[in-house]
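Data block below; observations after.
One-based numbering along the sequence shown.
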Amino acid sequence: MDFNVKKMVKDAGAALSRAIQLTEEKLGTSEKTELDAYFENLWSRAENTKNFTEKIVKNTEAVLIPNPGNRIEDYIYEKIEKQRPSRLSNLEYLGMDMVEAGTVLGPGTAYGSSLIKVGQWEQKLGQTERDFIGSAGMCFTQPLRKFLETEMKTIIKEKNLLEVKRLDLDACKNRVRKARSMLGQPTAERELRIAQSEFDRQTEITKLLLEGVGSSHAAHLRYLYEFVETQARFYSQCTTIMTDLQRELTSLSSSPSVSPTQNNTIPDDMKKAKSIYDYTAKDSTELSLKANEVIYIKEIQNSDYYLGKNSKNNQGLVPKAYLEVIT
(Lines give C-alpha, C1' and ligand atoms only; values in the text may rest on other atoms or scores of the structure.)
Protein backbone atom coordinates (compact mmCIF):
# COMPACT_ATOMS: atom_id res chain seq x y z
CA MET A 1 0.00 0.00 0.00
CA ASP A 2 1.14 3.55 -0.75
CA PHE A 3 1.18 5.89 2.21
CA ASN A 4 0.94 9.66 1.90
CA VAL A 5 3.28 10.61 4.73
CA LYS A 6 2.62 14.33 4.38
CA LYS A 7 -1.13 13.80 4.64
CA MET A 8 -0.72 11.54 7.66
CA VAL A 9 1.43 14.10 9.43
CA LYS A 10 -1.01 16.87 8.53
CA ASP A 11 -4.01 14.88 9.83
CA ALA A 12 -2.15 14.01 13.03
CA GLY A 13 -1.29 17.67 13.55
CA ALA A 14 -4.90 18.71 12.97
CA ALA A 15 -6.13 16.09 15.43
CA LEU A 16 -3.66 17.30 18.05
CA SER A 17 -4.71 20.92 17.50
CA ARG A 18 -8.38 20.00 17.91
CA ALA A 19 -7.62 18.08 21.10
CA ILE A 20 -5.81 21.11 22.53
CA GLN A 21 -8.69 23.33 21.45
CA LEU A 22 -11.25 21.11 23.21
CA THR A 23 -9.17 21.22 26.36
CA GLU A 24 -9.00 25.00 26.22
CA GLU A 25 -12.78 25.19 25.74
CA LYS A 26 -13.34 23.03 28.81
CA LEU A 27 -10.98 25.25 30.78
CA GLY A 28 -12.82 28.32 29.53
CA THR A 29 -9.76 29.85 27.90
CA SER A 30 -11.13 29.62 24.35
CA GLU A 31 -14.39 30.72 22.77
CA LYS A 32 -16.84 28.17 21.36
CA THR A 33 -19.39 28.57 18.58
CA GLU A 34 -22.76 27.50 19.97
CA LEU A 35 -25.45 25.77 17.94
CA ASP A 36 -28.96 27.21 17.97
CA ALA A 37 -31.63 25.98 20.43
CA TYR A 38 -33.66 24.23 17.71
CA PHE A 39 -30.64 22.16 16.69
CA GLU A 40 -29.84 21.31 20.32
CA ASN A 41 -33.43 20.14 20.88
CA LEU A 42 -33.24 17.93 17.79
CA TRP A 43 -29.96 16.43 18.98
CA SER A 44 -31.33 15.83 22.49
CA ARG A 45 -34.34 14.00 21.04
CA ALA A 46 -32.08 11.89 18.82
CA GLU A 47 -29.84 10.97 21.77
CA ASN A 48 -32.85 9.98 23.88
CA THR A 49 -34.24 7.95 20.99
CA LYS A 50 -30.96 6.10 20.61
CA ASN A 51 -30.52 5.38 24.33
CA PHE A 52 -34.07 4.21 24.97
CA THR A 53 -34.25 2.18 21.76
CA GLU A 54 -31.10 0.34 22.84
CA LYS A 55 -32.68 -0.40 26.22
CA ILE A 56 -35.97 -1.55 24.69
CA VAL A 57 -34.23 -3.87 22.24
CA LYS A 58 -32.00 -5.30 24.98
CA ASN A 59 -34.87 -5.90 27.41
CA THR A 60 -37.21 -7.30 24.77
CA GLU A 61 -34.60 -9.81 23.64
CA ALA A 62 -34.01 -10.76 27.29
CA VAL A 63 -37.74 -11.48 27.65
CA LEU A 64 -37.96 -13.44 24.40
CA ILE A 65 -34.70 -15.37 24.95
CA PRO A 66 -33.87 -15.46 28.70
CA ASN A 67 -30.64 -17.43 28.16
CA PRO A 68 -27.85 -14.84 27.55
CA GLY A 69 -25.65 -17.50 25.94
CA ASN A 70 -28.32 -18.16 23.32
CA ARG A 71 -28.67 -14.43 22.65
CA ILE A 72 -24.93 -14.07 22.09
CA GLU A 73 -24.93 -17.10 19.80
CA ASP A 74 -27.81 -15.68 17.75
CA TYR A 75 -26.04 -12.32 17.49
CA ILE A 76 -22.84 -13.96 16.19
CA TYR A 77 -24.71 -15.99 13.58
CA GLU A 78 -26.52 -12.82 12.48
CA LYS A 79 -23.25 -10.92 12.09
CA ILE A 80 -21.58 -13.66 10.03
CA GLU A 81 -24.80 -13.94 8.00
CA LYS A 82 -25.34 -17.61 8.65
CA GLN A 83 -28.52 -19.39 9.64
CA ARG A 84 -28.63 -19.93 13.36
CA PRO A 85 -29.07 -23.51 14.59
CA SER A 86 -32.55 -24.79 15.40
CA ARG A 87 -33.04 -24.74 19.15
CA LEU A 88 -35.86 -26.38 21.14
CA SER A 89 -37.56 -24.34 23.84
CA ASN A 90 -37.57 -25.30 27.51
CA LEU A 91 -41.24 -26.22 27.23
CA GLU A 92 -40.46 -28.65 24.43
CA TYR A 93 -37.71 -30.28 26.49
CA LEU A 94 -40.15 -30.57 29.40
CA GLY A 95 -42.75 -32.14 27.11
CA MET A 96 -40.26 -34.67 25.75
CA ASP A 97 -39.27 -35.73 29.27
CA MET A 98 -42.92 -36.10 30.29
CA VAL A 99 -43.72 -38.27 27.26
CA GLU A 100 -40.69 -40.45 27.95
CA ALA A 101 -41.62 -40.76 31.63
CA GLY A 102 -45.21 -41.69 30.80
CA THR A 103 -44.05 -44.32 28.33
CA VAL A 104 -41.67 -45.91 30.86
CA LEU A 105 -44.04 -45.72 33.84
CA GLY A 106 -46.90 -47.23 31.86
CA PRO A 107 -49.10 -45.63 29.23
CA GLY A 108 -51.96 -47.85 30.41
CA THR A 109 -52.00 -46.30 33.88
CA ALA A 110 -53.81 -43.10 34.77
CA TYR A 111 -50.58 -41.32 35.71
CA GLY A 112 -48.60 -42.57 32.72
CA SER A 113 -51.27 -41.70 30.16
CA SER A 114 -51.72 -38.25 31.73
CA LEU A 115 -47.97 -37.64 31.62
CA ILE A 116 -47.91 -38.48 27.93
CA LYS A 117 -50.90 -36.27 27.20
CA VAL A 118 -49.52 -33.28 29.15
CA GLY A 119 -46.10 -33.78 27.55
CA GLN A 120 -47.58 -33.67 24.06
CA TRP A 121 -49.42 -30.43 24.84
CA GLU A 122 -46.32 -28.88 26.45
CA GLN A 123 -44.48 -29.56 23.20
CA LYS A 124 -47.26 -27.78 21.30
CA LEU A 125 -46.96 -24.88 23.72
CA GLY A 126 -43.19 -24.78 23.20
CA GLN A 127 -43.56 -24.74 19.42
CA THR A 128 -46.03 -21.89 19.72
CA GLU A 129 -43.56 -20.02 21.91
CA ARG A 130 -40.77 -20.48 19.35
CA ASP A 131 -43.04 -19.16 16.61
CA PHE A 132 -43.86 -16.13 18.77
CA ILE A 133 -40.18 -15.42 19.42
CA GLY A 134 -39.44 -15.51 15.71
CA SER A 135 -42.41 -13.29 14.82
CA ALA A 136 -41.63 -10.77 17.56
CA GLY A 137 -38.03 -10.56 16.37
CA MET A 138 -39.05 -9.90 12.77
CA CYS A 139 -41.69 -7.27 13.52
CA PHE A 140 -40.09 -5.47 16.48
CA THR A 141 -36.52 -6.05 17.65
CA GLN A 142 -34.91 -6.49 14.22
CA PRO A 143 -36.31 -3.24 12.74
CA LEU A 144 -35.30 -1.33 15.87
CA ARG A 145 -31.79 -2.76 15.78
CA LYS A 146 -31.56 -1.89 12.10
CA PHE A 147 -32.48 1.70 12.93
CA LEU A 148 -29.66 1.84 15.48
CA GLU A 149 -27.12 0.34 13.08
CA THR A 150 -28.04 2.46 10.05
CA GLU A 151 -29.92 5.72 10.61
CA MET A 152 -28.57 6.38 14.09
CA LYS A 153 -24.99 5.59 13.10
CA THR A 154 -25.27 7.98 10.15
CA ILE A 155 -26.60 10.74 12.41
CA ILE A 156 -23.78 10.26 14.91
CA LYS A 157 -21.21 10.21 12.11
CA GLU A 158 -22.50 13.50 10.68
CA LYS A 159 -22.76 15.04 14.16
CA ASN A 160 -19.12 14.14 14.83
CA LEU A 161 -18.13 15.66 11.49
CA LEU A 162 -20.05 18.79 12.45
CA GLU A 163 -18.03 18.99 15.67
CA VAL A 164 -14.83 18.84 13.62
CA LYS A 165 -16.11 21.64 11.37
CA ARG A 166 -17.03 23.64 14.45
CA LEU A 167 -13.53 23.25 15.89
CA ASP A 168 -12.00 24.28 12.56
CA LEU A 169 -14.27 27.33 12.44
CA ASP A 170 -13.30 28.42 15.95
CA ALA A 171 -9.63 27.89 15.15
CA CYS A 172 -9.98 30.20 12.14
CA LYS A 173 -11.71 32.81 14.31
CA ASN A 174 -8.80 32.68 16.74
CA ARG A 175 -6.31 33.10 13.90
CA VAL A 176 -8.17 36.15 12.60
CA ARG A 177 -8.10 37.71 16.05
CA LYS A 178 -4.38 37.00 16.40
CA ALA A 179 -3.38 38.16 12.91
CA ARG A 180 -1.33 41.35 13.26
CA SER A 181 0.11 42.03 9.82
CA MET A 182 -2.08 43.22 6.97
CA LEU A 183 -0.49 40.46 4.91
CA GLY A 184 -1.71 37.74 7.22
CA GLN A 185 -5.13 39.23 7.90
CA PRO A 186 -6.65 38.64 4.42
CA THR A 187 -5.45 35.02 4.38
CA ALA A 188 -6.94 34.33 7.82
CA GLU A 189 -10.23 35.97 6.86
CA ARG A 190 -10.44 33.93 3.67
CA GLU A 191 -9.87 30.72 5.66
CA LEU A 192 -12.54 31.85 8.11
CA ARG A 193 -15.09 32.35 5.33
CA ILE A 194 -14.36 28.87 3.97
CA ALA A 195 -14.61 27.30 7.44
CA GLN A 196 -17.87 29.15 8.11
CA SER A 197 -19.34 27.92 4.83
CA GLU A 198 -18.36 24.33 5.54
CA PHE A 199 -19.73 24.56 9.08
CA ASP A 200 -23.07 25.98 7.89
CA ARG A 201 -23.37 23.29 5.21
CA GLN A 202 -22.62 20.50 7.69
CA THR A 203 -25.08 22.00 10.17
CA GLU A 204 -27.88 21.84 7.58
CA ILE A 205 -27.00 18.23 6.64
CA THR A 206 -27.02 17.12 10.27
CA LYS A 207 -30.20 19.06 11.00
CA LEU A 208 -32.05 17.34 8.16
CA LEU A 209 -31.00 13.94 9.49
CA LEU A 210 -32.07 14.87 13.01
CA GLU A 211 -35.46 16.06 11.76
CA GLY A 212 -35.90 12.63 10.18
CA VAL A 213 -35.98 11.05 13.65
CA GLY A 214 -39.63 12.07 13.83
CA SER A 215 -40.40 9.83 10.85
CA SER A 216 -38.48 7.05 12.58
CA HIS A 217 -40.75 7.44 15.60
CA ALA A 218 -43.77 6.86 13.36
CA ALA A 219 -42.19 3.65 12.08
CA HIS A 220 -41.32 2.58 15.63
CA LEU A 221 -44.95 3.11 16.63
CA ARG A 222 -46.02 0.75 13.86
CA TYR A 223 -43.49 -1.85 15.06
CA LEU A 224 -44.86 -1.49 18.59
CA TYR A 225 -48.43 -2.16 17.46
CA GLU A 226 -47.32 -5.20 15.51
CA PHE A 227 -45.45 -6.50 18.55
CA VAL A 228 -48.56 -6.14 20.74
CA GLU A 229 -50.69 -7.94 18.15
CA THR A 230 -48.15 -10.75 17.94
CA GLN A 231 -48.00 -11.05 21.72
CA ALA A 232 -51.80 -11.04 22.05
CA ARG A 233 -52.08 -13.77 19.40
CA PHE A 234 -49.45 -15.83 21.24
CA TYR A 235 -51.28 -15.65 24.57
CA SER A 236 -54.57 -16.49 22.87
CA GLN A 237 -52.97 -19.58 21.31
CA CYS A 238 -51.54 -20.56 24.69
CA THR A 239 -54.99 -20.26 26.29
CA THR A 240 -56.50 -22.45 23.55
CA ILE A 241 -53.80 -25.09 23.97
CA MET A 242 -54.19 -25.23 27.74
CA THR A 243 -58.00 -25.34 27.48
CA ASP A 244 -57.71 -28.28 25.10
CA LEU A 245 -55.31 -29.97 27.52
CA GLN A 246 -57.76 -29.54 30.38
CA ARG A 247 -60.47 -31.06 28.22
CA GLU A 248 -58.21 -34.00 27.36
CA LEU A 249 -57.38 -34.63 31.00
CA THR A 250 -61.06 -34.42 31.92
CA SER A 251 -61.93 -37.03 29.31
CA LEU A 252 -59.20 -39.31 30.65
CA SER A 253 -60.34 -39.05 34.25
CA SER A 254 -64.12 -39.15 33.65
CA SER A 255 -65.84 -42.54 33.67
CA PRO A 256 -69.62 -43.16 34.13
CA SER A 257 -70.46 -45.43 37.05
CA VAL A 258 -73.20 -47.33 35.18
CA SER A 259 -73.14 -48.28 31.52
CA PRO A 260 -76.30 -47.60 29.48
CA THR A 261 -76.03 -51.07 27.98
CA GLN A 262 -76.41 -52.79 31.35
CA ASN A 263 -80.03 -51.76 31.93
CA ASN A 264 -82.62 -49.33 30.66
CA THR A 265 -82.45 -46.93 33.60
CA ILE A 266 -80.61 -43.60 33.44
CA PRO A 267 -77.40 -43.59 35.51
CA ASP A 268 -77.57 -41.42 38.61
CA ASP A 269 -74.85 -39.03 37.46
CA MET A 270 -76.00 -38.77 33.83
CA LYS A 271 -78.90 -37.29 31.89
CA LYS A 272 -80.65 -38.40 28.73
CA ALA A 273 -80.27 -36.24 25.62
CA LYS A 274 -81.14 -36.32 21.92
CA SER A 275 -78.88 -35.03 19.17
CA ILE A 276 -80.34 -32.25 17.03
CA TYR A 277 -77.87 -32.52 14.14
CA ASP A 278 -75.23 -34.86 12.82
CA TYR A 279 -71.87 -34.28 14.42
CA THR A 280 -68.49 -35.65 13.28
CA ALA A 281 -65.84 -36.00 15.98
CA LYS A 282 -62.78 -33.81 15.43
CA ASP A 283 -60.45 -36.24 17.18
CA SER A 284 -60.40 -39.38 19.33
CA THR A 285 -61.56 -37.47 22.42
CA GLU A 286 -64.95 -36.60 20.87
CA LEU A 287 -68.06 -38.66 20.08
CA SER A 288 -69.74 -38.67 16.67
CA LEU A 289 -73.52 -38.34 16.55
CA LYS A 290 -76.37 -38.96 14.16
CA ALA A 291 -79.39 -36.67 14.14
CA ASN A 292 -82.10 -37.78 16.65
CA GLU A 293 -79.68 -40.22 18.32
CA VAL A 294 -80.35 -40.69 22.04
CA ILE A 295 -77.33 -40.74 24.32
CA TYR A 296 -76.43 -40.22 27.99
CA ILE A 297 -74.59 -37.08 28.98
CA LYS A 298 -72.68 -35.83 31.99
CA GLU A 299 -71.58 -32.33 33.01
CA ILE A 300 -67.83 -31.63 32.96
CA GLN A 301 -65.64 -28.60 33.74
CA ASN A 302 -65.78 -27.33 30.15
CA SER A 303 -68.94 -25.22 29.79
CA ASP A 304 -69.21 -25.88 26.04
CA TYR A 305 -69.16 -29.70 26.14
CA TYR A 306 -70.85 -32.71 27.73
CA LEU A 307 -69.24 -36.08 28.29
CA GLY A 308 -71.46 -38.36 26.22
CA LYS A 309 -71.97 -42.11 25.96
CA ASN A 310 -73.97 -43.88 23.25
CA SER A 311 -75.73 -47.22 23.10
CA LYS A 312 -72.55 -48.89 21.84
CA ASN A 313 -70.76 -47.83 25.02
CA ASN A 314 -68.58 -45.37 23.07
CA GLN A 315 -67.63 -42.36 25.13
CA GLY A 316 -66.42 -38.89 24.20
CA LEU A 317 -66.99 -35.15 24.32
CA VAL A 318 -70.04 -33.68 22.55
CA PRO A 319 -70.80 -29.96 22.00
CA LYS A 320 -73.80 -28.81 24.00
CA ALA A 321 -75.12 -26.90 20.99
CA TYR A 322 -75.80 -30.21 19.21
CA LEU A 323 -77.90 -31.72 22.00
CA GLU A 324 -81.38 -31.37 23.50
CA VAL A 325 -81.62 -32.58 27.09
CA ILE A 326 -84.56 -34.92 27.53
CA THR A 327 -84.43 -35.67 31.26
Side-chain angles (χ1 to χ4, degrees), residues 88-132 233-327:
L88 295 179
S89 66
N90 292 335
L91 285 169
E92 288 175 295
Y93 282 119
L94 172 62
M96 291 169 61
D97 289 341
M98 284 183 169
V99 171
E100 184 180 1
T103 303
V104 173
L105 297 176
T109 65
Y111 181 49
S113 61
S114 296
L115 271 174
I116 294 174
K117 186 64 66 177
V118 173
Q120 292 171 341
W121 256 249
E122 292 294 334
Q123 287 177 302
K124 290 183 180 180
L125 200 62
Q127 178 61 55
T128 302
E129 182 186 45
R130 280 203 291 142
D131 293 342
F132 162 64
R233 185 165 56 250
F234 165 63
Y235 286 125
S236 176
Q237 290 171 338
C238 289
T239 300
T240 300
I241 290 172
M242 297 312 295
T243 301
D244 290 344
L245 175 58
Q246 287 179 314
R247 189 180 68 186
E248 290 282 337
L249 293 178
T250 300
S251 67
L252 288 176
S253 61
S254 300
S255 178
S257 58
V258 180
S259 171
T261 59
Q262 293 176 346
N263 52 55
N264 294 326
T265 61
I266 301 176
D268 294 337
D269 60 343
M270 303 191 80
K271 298 179 182 179
K272 201 172 183 180
K274 182 176 70 172
S275 59
I276 305 173
Y277 316 102
D278 289 344
Y279 179 74
T280 302
K282 297 178 181 177
D283 53 44
S284 60
T285 66
E286 297 187 349
L287 183 67
S288 296
L289 299 174
K290 295 292 184 181
N292 298 318
E293 181 181 358
V294 177
I295 63 171
Y296 293 111
I297 58 173
K298 178 181 179 180
E299 291 281 355
I300 58 174
Q301 293 181 356
N302 193 318
S303 60
D304 297 326
Y305 287 83
Y306 288 119
L307 177 66
K309 200 164 189 177
N310 60 19
S311 59
K312 295 181 181 179
N313 207 30
N314 295 324
Q315 179 177 290
L317 300 176
V318 182
K320 290 183 178 181
Y322 284 77
L323 296 173
E324 177 184 359
V325 179
I326 299 174
T327 178

Please check if atom CG in N90 has more than 12 non-hydrogen atoms from other residues, nucleotides or ligands closer than 6.0 Å.
-> no
Gap separating the [atom1] atom of [X] from the [atom2] atom of [Y], nearest 0.5 angstrom:
X	Y	atom1	atom2	result
N292	E324	CG	CD	9.5 Å
E129	L88	CD	CG	11.5 Å
T128	L91	OG1	CG	9.5 Å
T285	E248	OG1	CD	4.5 Å
T280	L287	OG1	CG	11.0 Å
L249	I300	CG	CD1	11.5 Å

Would you name the heavy atoms of [X] and [Y] that are closest together and state the gap between them?
X	Y	answer
Q123	V99	OE1-CG2, 4.1 Å
A101	L115	CB-CD1, 4.1 Å
S113	P107	CB-O, 3.3 Å
S89	G126	OG-CA, 3.3 Å
Y305	P319	CD2-N, 3.7 Å
I326	K274	CD1-CB, 3.7 Å

Min side-chain heavy-atom separation [X]-[Y] under 4.5 Å:
X	Y	value
Y296	K272	yes
L289	L323	yes
E299	Y306	yes
E286	R247	yes
L245	L125	no

According to the interplanar angle, ranging from 0 to 90°, do the rings of Y322 and Y277 count as parallel (below 30°), tilted (30 to 60°) or perpendicular (above 60°)?
->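 Y322 and Y277: perpendicular rings.
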Test item: W121 side-chain N/O and M242 main-chain N/O as donor-acceptor pair under 3.5 Å |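 Side chain of W121 to backbone of M242: no pair is present.
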Within the side chain of N310, is there an N or O that forms a donor-acceptor pair under 3.5 Å with the backbone of I295?
-> no
